[in-house]
Amino acid sequence: MAEYLQVFRARVPRESVATLLAIRPAAVAEAQRLCPELLRAELVRLDDDTWLDVLTWSHADGEQRLMRRAAEFDAVTKMHDLLSDVAEPLRGEIVHTSV
């Protein structure tokens, strides 16, 4: 079964990092409850205020499936409110994985 990667790049002000890390588990759990196609979500700090949110989906349209449930967001909205300068996400199919 194919998997699809989506990578968001955003800034998180230093004063918001602790809040982001606190709300993140609930936001990911909420997203997975609303959209089981979200398989994994990894948060990567590039430097003091630049972060990557790396999402793995079981379907190429996973993000659209999740966004159809946006009216039900609580923790996801709170997490997104902490982000700024969110770049257009990169998307692609995972074609090879090494363990």
Side-chain angles (χ1 to χ4, degrees):
M1 174 183 269
E3 291 183 354
Y4 302 87
L5 200 67
Q6 184 177 35
V7 180
F8 289 90
R9 183 180 179 148
R11 295 202 180 280
V12 179
R14 287 184 186 167
E15 62 273 10
S16 298
V17 170
T19 305
L20 172 70
L21 297 176
I23 193 74
R24 174 94 174 152
V28 171
E30 178 179 87
Q32 288 179 313
R33 177 180 56 78
L34 295 172
C35 184
E37 292 83 3
L38 178 59
L39 303 175
R40 287 182 300 285
E42 299 171 276
L43 189 61
V44 179
R45 184 189 332 226
L46 296 180
D47 57 38
D48 284 346
D49 65 352
T50 305
W51 296 70
L52 299 178
D53 197 354
V54 182
L55 307 177
T56 304
W57 302 93
S58 62
H59 290 81
D61 67 343
E63 177 188 15
Q64 290 83 14
R65 292 173 186 226
L66 176 61
M67 293 311 295
R68 284 195 288 262
R69 308 282 306 267
E72 300 172 61
F73 290 174
D74 178 40
V76 171
T77 299
K78 290 175 184 173
M79 183 181 71
H80 286 176
D81 288 346
L82 299 170
L83 309 177
S84 64
D85 300 327
V86 180
E88 182 67 28
L90 300 172
R91 296 174 178 87
E93 181 180 1
I94 300 172
V95 296
H96 182 267
T97 301
S98 298
V99 184

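Keep in mind the model is a prediction, meaning the values are calculated, not measured. Side chains included, hydrogens not; waters and symmetry mates left out as well; all remaining heavy atoms used.
- A side-chain donor from one of R11 and T50 sits under 3.5 Å from a side-chain acceptor of the other.
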Between side-chain atoms of residues 33-46 and protein atoms elsewhere (two or more places apart, or another chain), which donor-acceptor pairs fall under 3.5 Å?
{"from": "E37", "atom 1": "OE2", "to": "R65", "atom 2": "NH1", "distance (Å)": "3.0"}
{"from": "R40", "atom 1": "NH2", "to": "E3", "atom 2": "OE1", "distance (Å)": "3.0"}

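- Under a hydrophobic clustering in which Ile, Leu, Val, Met, Phe, Trp and Tyr are joined whenever their side-chain heavy atoms come within less than 4.5 Å, directly or via other members, W51 and I23 fall into the same cluster.
- The CG atom of D85 sits 8.5 Å away from the CG atom of D49 when rounded to the nearest 0.5 Å.
- Put simply, V7 and V86 are part of two different groups of oily side chains (I, L, V, M, F, W, Y) that touch within less than 4.5 Å, one to the next.
- The minimum heavy-atom distance between L83 and A10, with the atom names listed, is CB-CB, 4.2 Å.
- Listed by first and then second residue, the salt bridge (Lys or Arg N to Asp or Glu O under 4.0 Å) pairs that reach into residues 89-99 are E63-R91, E88-R91, sequence neighbours excluded.
- Within the 4.5 Å cutoff, the side chain of T56 has heavy atoms near those of the I94 side chain.
- Here the side chains of M79 and L20 are in contact, with some heavy-atom distance below 4.5 Å.
- Under a hydrophobic-cluster definition in which Ile, Leu, Val, Met, Phe, Trp and Tyr are linked whenever side-chain heavy atoms come within less than 4.5 Å, directly or via other members, V54 and F8 are assigned to different clusters.
- Each of L52 and V17 belongs to its own hydrophobic cluster when Ile, Leu, Val, Met, Phe, Trp and Tyr are linked at side-chain heavy-atom distances under 4.5 angstrom.
- Taking 4.5 Å as the limit, every side-chain heavy atom of Y4 sits out of range of all side-chain heavy atoms of D61.
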* Asked: Does the side-chain contact (heavy atoms from CB on, under 4.5 Å) test come out yes or no for W57 and L66, once each step is laid out?
  -> CA-CA 10 Å; W57 302 93; L66 176 61; 3.9 Å; yes
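- Taking CG of L5 as the start and OG1 of T97 as the end, the distance is 9.5 Å to the nearest 0.5 Å.
- Within the structure, salt bridge (Lys or Arg N to Asp or Glu O under 4.0 Å) contacts touching residues 17-30 (residues at least two apart or in different chains) are R24-D53.
- Linking ILVMFWY side-chain heavy atoms closer than 4.5 Å, directly or via other members, places M67 and V28 in two distinct hydrophobic clusters.
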